[in-house]
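Below, chain A is the first sequence line, B the second, and so on; all start at residue 1. These numbers were taken from a predicted model, which means no experiment stands behind them. Values reported hereafter were calculated over all heavy atoms of this structure, with side chains retained and with hydrogens, waters and symmetry mates removed.
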Protein chains: 2
Amino acid sequence: MTDAAPPVMTRIQQKNRDLILQAALEAFSTNGFRGATIDQIARAAQMSKPNVLYYFGSKDEIHKALLTTLLDMWLAPMQQIDPRGDPLAEILRYVQAKLQMSRDFPRESRLFAYEILQGAPHLTEVLGGGLREIVDRTVEVLEGWMRDGRLASVEPRHLIFSIWAMTQHYADFEIQVRAVLGPGHDPYQEGLVFLDDLYRKLLAP
Amino acid sequence: MTDAAPPVMTRIQQKNRDLILQAALEAFSTNGFRGATIDQIARAAQMSKPNVLYYFGSKDEIHKALLTTLLDMWLAPMQQIDPRGDPLAEILRYVQAKLQMSRDFPRESRLFAYEILQGAPHLTEVLGGGLREIVDRTVEVLEGWMRDGRLASVEPRHLIFSIWAMTQHYADFEIQVRAVLGPGHDPYQEGLVFLDDLYRKLLAP
DNA sequence: CGTGATCCTGACCGTTTGGTCAATATTCTG
DNA sequence: CAGAATATTGACCAAACGGTCAGGATCACG
């Protein structure tokens with residue numbers, strides 16, 4: 001009984017696949033899937049176009065690999081909500097973590113934004129499957145807290161939407177945010193203060 | 001002294017320009033600027049490609065015309081906030097209006113989302129100019145209300161961001177919202193209930 | 001009804017783009 | 001170090017795309 005398909009990678013494969021994904025993240029997140037070109041990715045990864053296609057069979061494959069690689073990281077903060085912790089503290093920590101991800105990984109945020117905007121052609125199974133399960137689990141935790149009177153009663157799924165919308169807004173619409181605020185502002189710092197206040201008031205039991 | 005450039009349009013011009021813009025809205029809002037093709041727009045508008053380019057000199061021009069045509073409509077609800085009205089009622093009315101626009105004009109919402117995501121190459125002057133002024137005016141109204149103790153004191157610009165983020169989320173990420181909610185839900189109806197509650201709690205003086 | 005302005009299109013062009021392929025270079029391993 | 005496996009690339013291709021152009025159809029109007 002041997003390993004069916006041992007995904008053993010050579011040192012070079014590991015390095016180059018990583019280089020390509022790095023370059024692709026930059027390209028896809030600034031221009032969208034159709035706006036990015038393999039040439040552009042190859043140039044950024046400092047290799048020839050055929051070599052890029054040697055590691056990933058097609059542009060689509062690069063894109064799909066990127067999304068699946070980054071999805072776990074993107075969803076991680078929500079899974080770290082601790083049912084045994086203090087409800088408000090747990091949620092505020094989640095908001096902060098999500099906002100920090102927008103600040104530290106805006107390209108990832110935009111990548112997903114483009115994908116969802118376009119109708120999530122590469123994420124349909126994830127949306128209806130894994131994502132929904134993760135959300136459902138979190139919803140159960142939230143509803144438990146609400147039943148116990150430790151959290152104000154609000155529609156939990158829309159609460160989650162609101163957190164996603166607000167935090168990702170700072171990354172996805174950063175240009176607009178900065179244009180409106182003008183220079184000399186730290187959108188994320190101010191946003192955190194605002195969101196902290198908002199969710200405290202909304203969720204206080 | 002004659003009119004410098006009387007923009008008088010023939011019946012046909014009016015009809016065809018409108019048809020093209022209609023088709024372009026559909027195309028740009030589903031595939032983004034680079035994802036949409038002139039062929040596609042021409043087909044949807046039921047005319048030949050050269051004819052599309054007879055009315056609009058280039059793909060870029062169509063896009064720009066769309067954005068400028070729709071921008072006023074998009075920003076209108078905020079300008080209808082009445083400084084003499086009841087603060088909370090005015091804001092809740094704005095939230096409702098914005099949410100209705102997401103529901104009734106999701107394509108417009110996505111069009112702007114794509115544009116901002118991409119760095120707003122066609123909206124830079126608007127972002128730094130007109131938009132900022134409109135926001136500034138609204139901010140003054142909000143700050144006036146807060147000074148008078150008729151509204152809880154929160155950072156007004158981030159309050160506006162939150163309204164934009166939340167309401168547009170339902171249009172721009174509709175696929176994700178529906179995937180998470182599952183069938184048998186009215187995202188906009190539920191969203192309105194949630195947001196009403198949220199802003200009541202946040203803004204009660 | 002005629003004639004000038006407006007409207008419309010098939011055919012075409014140059015460029016870009018995703019992807020292929022044969023050939024060469026490099027690395028790994030016995 | 002030999003030879004097999006892996007890695008890399010220049011040259012090339014077909015399709016898609018934005019845009020042009022010359023010529024024909026249609027319309028408005030005296």
Can you build the contact string for nucleotides 9-20 of chain C? Use B for base contact, S for sugar-phosphate-only contact, and - for no protein heavy atom under 4.0 Å. BBB-----SBBB

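The salt bridge (charged side-chain N to carboxylate O under 4.0 Å, His left out) search around Glu108(A) returns none, not counting sequence neighbours. Residues passing the side-chain contact (heavy atoms from CB on, under 4.5 Å) test with Pro77(B), sequence neighbours excluded: Tyr94(B), Ala97(B), Met101(B). For Phe28(B), the ring pair (Phe, Tyr, Trp, His ring centres under 6.0 Å) test picks out Phe33(B), His63(B), with sequence neighbours left out. Take Glu90(A) and apply the side-chain contact (heavy atoms from CB on, under 4.5 Å) test, not counting sequence neighbours, and it matches Ile81(A), Asp82(A), Arg93(A), Trp145(A). Judged as a side-chain contact (heavy atoms from CB on, under 4.5 Å), and not counting sequence neighbours, the contacts of Asn51(B) are Asn16(B), Met47(B), Ser48(B), Tyr54(B), Tyr55(B). Partners of Asp72(B) under the side-chain contact (heavy atoms from CB on, under 4.5 Å) rule, at least two apart in sequence or in another chain, do not exist in this structure.
Listed by first and then second residue, the side chain to side chain donor-acceptor pair (under 3.5 Å) pairs involving residues 180-196 of chain B are His158(A)-Glu190(B), His185(B)-Glu190(B), Asp196(B)-Arg200(B) (not counting sequence neighbours).
Between Phe56(B) atom CZ and dC8(C) atom P there is a gap of 13 Å when expressed in whole angstrom units. One atom, NE2 of His63(B), and another, P of dG19(D), lie 13 Å apart when rounded to the nearest Å. Whole-Å rounding puts the Phe28(B) CZ to dC17(D) P distance at 13 Å. Nucleotide dT27(C) holds its C1' atom 12 Å from the NZ atom of Lys15(A), rounded to whole Å.
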Which pairs, protein N/O on one side and nucleotides 28-30 of chain D N/O on the other, fall under 3.5 Å?
unit_1, atom_1, unit_2, atom_2, d
dA28(D), OP1, Arg11(B), NH2, 2.8

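At dT6(C), none of the side-chain N or O atoms of Asn16(B) fall inside 4.0 Å of OP1 or OP2 (strictly under the cut-off). Using a 4.0 Å cut-off, some side-chain N or O of Gln13(A) falls inside it from OP1 or OP2 of dA7(D). Using a 4.0 Å cut-off, some side-chain N or O of Tyr55(A) falls inside it from OP1 or OP2 of dT8(D).
Atom CG of Leu198(A) sits about 4.5 Å away from atom CG of Leu202(B), to the nearest 0.5 Å.
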